[in-house]
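Heads up: the structure comes next, in structure tokens.
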There are 2 protein chains.
Amino acid sequence: MLKNLEELRKSRDWSLQDIADKLGIAKSTYAGYESGYRRPPLHALIQIANLFDVSIDYLLAREHTIDITDRLLQGKQKISIDHMVLDQEECDEFVAFIRAKRDIKKKLR
Amino acid sequence: MLKNLEELRKSRDWSLQDIADKLGIAKSTYAGYESGYRRPPLHALIQIANLFDVSIDYLLAREHTIDITDRLLQGKQKISIDHMVLDQEECDEFVAFIRAKRDIKKKLR
DNA sequence: AAAATTGTGCTCAATACGCGAACGATTATT
DNA sequence: AATAATCGTTCGCGTATTGAGCACAATTTT
């Protein structure tokens with residue numbers, strides 16, 4: 001369920017003790033998360049995500065479709081291209097383009 | 001922490017009993033999530049996210065930016081417009097489109 | 001060789017959880 | 001209008017799950 005935790009920690013060159021100190025928990029507790037022996041409760045998971053600066057969905061290896069037409073209206077969830085955040089205006093034209101394209105395809109049938 | 005849960009449920013016109021049945025839990029349990037009286041454990045949160053078809057980060061109203069460029073070009077990240085998934089060619093076009101648009105904007109300055 | 005660090009596994013106390021039940025407030029049915 | 005049904009809220013209690021400490025072997029450092 002949390003398959004990347006150990007790799008993520010080692011990529012930072014942190015020991016279990018290091019990360020436990022950062023989170024303010026016992027190293028055995030964090031070891032339990034990594035091994036899958038225990039599942040972190042929500043508040044712990046959030047702190048872990050903050051520490052590594054990744055999304056919760058990434059930690060959970062969750063895949064989901066991002067709908068551009070819904071998404072940008074939702075405020076706090078942002079996506080970026082080439083490390084530059086996508087704004088509404090940038091998307092609108094492309095959305096119009098795809099819609100037109102689909103429309104044509106539909107009429108050709 | 002999960003401030004959107006009630007709104008999300010009502011947007012679907014579901015009662016507490018409805019959603020409890022869908023999730024296979026007691027309505028008082030789900031009511032606890034909505035009110036903030038209890039926090040859903042991870043496995044419950046995942047099921048809720050699946051039910052509403054949203055990301056965990058959205059449920060948690062977490063501010064986070066994810067860069068999808070690489071994943072998009074590699075076909076690992078799906079995006080949709082009007083709830084219709086884009087194919088690989090369209091995904092490539094999307095990235096190219098955004099890049100081109102930014103390029104133009106840059107030159108105009 | 002000794003001492004410190006690392007990761008693992010275990011037990012136990014404390015916490016957090018899920019459920020059922022009861023409640024008042026609306027809404028629907030007869 | 002009276003009754004029944006549905007809705008959301010809250011509580012207590014039994015249970016499940018967690019967190020921390022401790023001990024251990026393996027590795028590294030001094």
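Because only heavy atoms are used, hydrogens play no part in the values below, and waters and symmetry mates are left out as well, while side chains stay in. Throughout, protein chains are lettered first and strands after them, A, B, ... in sequence-line order, and every chain is numbered starting at 1.
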Legend entry - Reading 5' to 3' through nucleotides 11-25 of chain C, protein heavy-atom contacts under 4.0 Å coded B for base, S for sugar-phosphate only, - for none: B-----BBBBB----

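Nucleotide D/dA26 holds its C1' atom 14 Å from the CG atom of A/Leu16, rounded to whole Å. If you take OH of B/Tyr30 and C1' of D/dC7, they are 16 Å apart, rounded to a whole angstrom. Computed from coordinates, the A/Leu23 CG to D/dG19 C1' distance equals 13 Å when rounded to whole Å. Spacing between atom CG of A/Leu42 and atom P of D/dT17 amounts to 17 Å, rounded to whole angstrom units. Distance CG (B/Asp21) to C1' (D/dT6): 13 Å, rounded to an integer number of Å. Whole-Å rounding puts the A/Ile19 CD1 to C/dG7 C1' distance at 14 Å. We find that CG of B/Asp18 is positioned 6 Å from P of D/dC7, with the value rounded to whole Å. Atom CG of A/Leu45 and atom P of D/dT17 are 18 Å apart (whole Å).
Under the 4.0 Å criterion applied to side-chain N and carboxylate O atoms, A/Asp18 and A/Lys22 are not assigned as salt-bridge partners. For the pair B/Lys105 and A/Glu90, the salt-bridge criterion is not met [side-chain N within less than 4.0 Å of a carboxylate O].
Taking the ring centroids of A/Trp14 and A/Tyr30, they lie at or beyond the 6.0 Å cut-off.
Shortest non-hydrogen contact noted between A/Asp82 and B/Asp67 is N-OD2, 3.5 Å. Heavy-atom minimum distance, B/Ile46 versus A/Arg62: CG2-NH1, 3.8 Å.
Note: B/Phe97 and A/Phe97 have parallel aromatic rings, judged against thresholds of 30 and 60 degrees for the angle between ring planes.
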